[in-house]
Participant: 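The structure under discussion is supplied below as structure tokens; questions concerning it will follow.
Numbers restart at 1 for each chain; the letters A, B, ... are given by sequence-line order, proteins then strands.
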2 protein chains.
Amino acid sequence: MKKVTINSVASYAGVSKKTVSRVLNNEPNVSDATREKVLKVFKELDYTPNPIARGLAQNRSFIIGCIYDNPSKSYITRVQTGALAACQENNYNLLIHPCDLRGDALISNIEHLLQSSRLDGLVLTPPFSDFKVLVDFLKSKKIPYARVASAVLEDDSISVRSNDEQGAFEITEHLINLGHKAIAFIKGHPDHSATEQRFKGYRRALSTHGIEFNERLVEEGNFSYHSGVDSARSILDLTPRPTAVFASNDYMAAAVLKLATQRQLKVPDDISIAGFDNAPIARHIWPGLTTIAQPVEEMTQQAVNKLIEHIGDPQEQPYQVTLEARLITRESTAQVK
Amino acid sequence: MKKVTINSVASYAGVSKKTVSRVLNNEPNVSDATREKVLKVFKELDYTPNPIARGLAQNRSFIIGCIYDNPSKSYITRVQTGALAACQENNYNLLIHPCDLRGDALISNIEHLLQSSRLDGLVLTPPFSDFKVLVDFLKSKKIPYARVASAVLEDDSISVRSNDEQGAFEITEHLINLGHKAIAFIKGHPDHSATEQRFKGYRRALSTHGIEFNERLVEEGNFSYHSGVDSARSILDLTPRPTAVFASNDYMAAAVLKLATQRQLKVPDDISIAGFDNAPIARHIWPGLTTIAQPVEEMTQQAVNKLIEHIGDPQEQPYQVTLEARLITRESTAQVK
DNA sequence: CTACATTATGACACCGGTGTCAGGGTTGAA
DNA sequence: TTCAACCCTGACACCGGTGTCATAATGTAG
């Protein structure tokens, strides 16, 4: 396939490079006749502009980076799906970059990424969405960024989230309405802002319904399945055993379910279990997990769309949205006996 | 941050652009003194070459594309992990591109991707690895590609796989050794080459051990959890009920487990269940699934490494490797009663 | 009909690198 | 000593677009 460049189009159409460029970019000040002539040549020659040359001239790469450090594969996949959808709408591409949260290495890692890829913008996913050091760094370097599922909304950034606190409140309330009073809670990873939000929702539901908070019912997890196993062990060993467990995500909830089943406990007859996120595993196991569904794809797609808009026009307003999370009840929770 | 370009480095070091470029690319014919001088300036000025400019000059993007259409999220994540590892070693970036297998749209979709991104190469993951139309298209366009987990090895391409047929043989044999004779089988998606391979391994194990193949024990699935539910229903309704089920992947196996549990069957006491892939779910459920572990990350990493090598030097030999798959026994399979 | 604003177009430099080639300096063999 | 071969280096064009500015063509007000 011989290369079709802007030069061939220009000479073929009998106009200058610059005019072709104007048509490409929908610039004003091109006569309708000329525009149509050029557009026709585009088709005839099957011309596609070279994004690299374009990037060089405009100092843009048309690539968005997505950074993550998340134990939940399904979460990442959903984030990617949403980001990809937005990228495709805007003729951007998505570059994925897993990286470790810990330590100073992060900033230099990101710095290297930015220098070596010249990304136009960055999507921050949990736990990076609320990582102040990183956000400040990006701000100082004037790198456009968007935050997905951050706990805090700030005035001057793009941020799309869902209401974790409210979701946790609702699912806890659901358990309370089923008659549960001793509801154990497994926390998430301390670096994720969702961890605190979900914990807050749990506590608010308890206090709203006049149930005293009991610290012994709270276990520290980190969102991983493995941590869920450890927490589950402690919880199931308690006497009296709680009648329900609310884990901060579905993987940990699945771990509780596995351990409970291993110990011959019937779920939900002997113990109710609830999770969070509506990960695939929540419906792949028996009994299916009652959980909170967040519109992760939608959140990410909106965030990336706004990010790209912002890149095109840095005057663009900040964008802060909170989407609804909703309760999904399955078989893992039932009326207390 | 003011921009550090090759020009600033050159004038600062008192040499020409071209000499700086030579140092950058480790070209010969640069005196040691000059080379060191330039390298020192790199550090002092904290210079990073602009990949976009480089790409324009060399007509390369330093980006590898990875295309997929796979219902298994965990498989995709593993592929990405391996591909990213290889990319990072070689200062490449990874661009992910989900797309539909079906129809003519695929080729034009890929064509558009190539034109708009100028990818240096493509990684084909199942089911694309064995999709002849696509492979032929890439060959005709002279786009470098590598195939992951393809069934067939061809002479002139890069292809890294594991032995699905052998894996299926071993897990079936494992069931036979436990005394099972009526072993149901759930096939995968017909477009995936692994589907046929795994079926072959199953049949070979049966015939090796003198067990007659029974077509009624075979169900058509498509690797999705949902299809597993349907197949499980048919299998569990059989009389006499098979004593074991071998599903072509873990999601479908998990579906069998869920349905069996719903029907009050004890696994593995009443029925043994085996999967394939060693997906996370295999160890997240109870009982854990006996399955076959394939080194997906390793496969992809090798494939991408070779692909990048090939891009740098198109004379590079073809590369064809088959890695070992290994049996992992968990609680879902046991001696027949 | 002139004076001036506005629109349409192209020439040319530029983005930040790499490829080609020519020229000066060394080295080694004749 | 001479000449070819080789090593090192830089000038310059080029990759394929975009930005700036000058200029020609057209429109509009006085």
Participant: Answer yes or no: is there a donor N or O on one side and an acceptor on the other, between the side chain of B:Asp130 and the main chain of B:Ala151, under 3.5 Å?
Facilitator: yes
Participant: Would you check if the side chain of A:Arg161 reaches a backbone N or O of A:Ser150 as a donor-acceptor pair within less than 3.5 Å?
Facilitator: yes
Participant: Is the closest side-chain donor-acceptor distance between A:Ser74 and A:Thr77 under 3.5 Å?
Facilitator: no
Participant: Does B:Ser117 reach the main-chain N or O of B:Leu119 with its side chain, forming a donor-acceptor pair under 3.5 Å?
Facilitator: no
Participant: Which nucleotide span of DNA chain C, 5' end to 3' end, has atoms closer than 4.0 Å to non-hydrogen atoms of chain A?
Facilitator: C:dT7 to C:dG16
Participant: Between protein and nucleic acid, restricted to nucleotides 7-10 of chain D and to nitrogen or oxygen atoms under 3.5 Å apart, what atom pairs and distances do you find?
Facilitator:
| from | atom 1 | to | atom 2 | distance (Å) |
| --- | --- | --- | --- | --- |
| D:dC8 | OP2 | B:Asn29 | OD1 | 3.3 |
| D:dT9 | OP1 | B:Ser31 | OG | 3.1 |
| D:dT9 | OP1 | B:Thr34 | OG1 | 2.4 |
| D:dT9 | OP2 | B:Ser31 | N | 2.9 |
| D:dT9 | OP2 | B:Thr34 | OG1 | 3.4 |
| D:dG10 | OP2 | B:Ser16 | N | 3.0 |
| D:dG10 | OP2 | B:Ser16 | OG | 3.2 |
| D:dG10 | OP2 | B:Thr19 | OG1 | 2.5 |
| D:dG10 | N7 | B:Arg22 | NH1 | 3.3 |
| D:dG10 | O6 | B:Arg22 | NH2 | 2.5 |

Participant: Please lay out, stage by stage, how B:Phe128 and B:Leu122 fare under the test side-chain contact (heavy atoms from CB on, under 4.5 Å).
Facilitator: CA-CA 11 Å; B:Phe128 296 114; B:Leu122 221 45; over 6 Å; no
Participant: Which residues pass the ring-ring contact (aromatic ring centres under 6.0 Å, His included) test with A:Tyr75, sequence neighbours left out?
Facilitator: none
Participant: Looking at every strand, decide which applies to A:Asn25 at a 4.0 Å heavy-atom threshold: base, sugar-phosphate, or nothing.
Facilitator: sugar-phosphate
Participant: Scan B:Val148, B:Thr125, B:Thr322 and name whichever one has a side-chain contact (heavy atoms from CB on, under 4.5 Å) with B:Met299.
Facilitator: B:Val148
Participant: Decide whether B:Tyr12 and B:Glu44 meet the rule of one side-chain donor and one side-chain acceptor closer than 3.5 Å.
Facilitator: yes
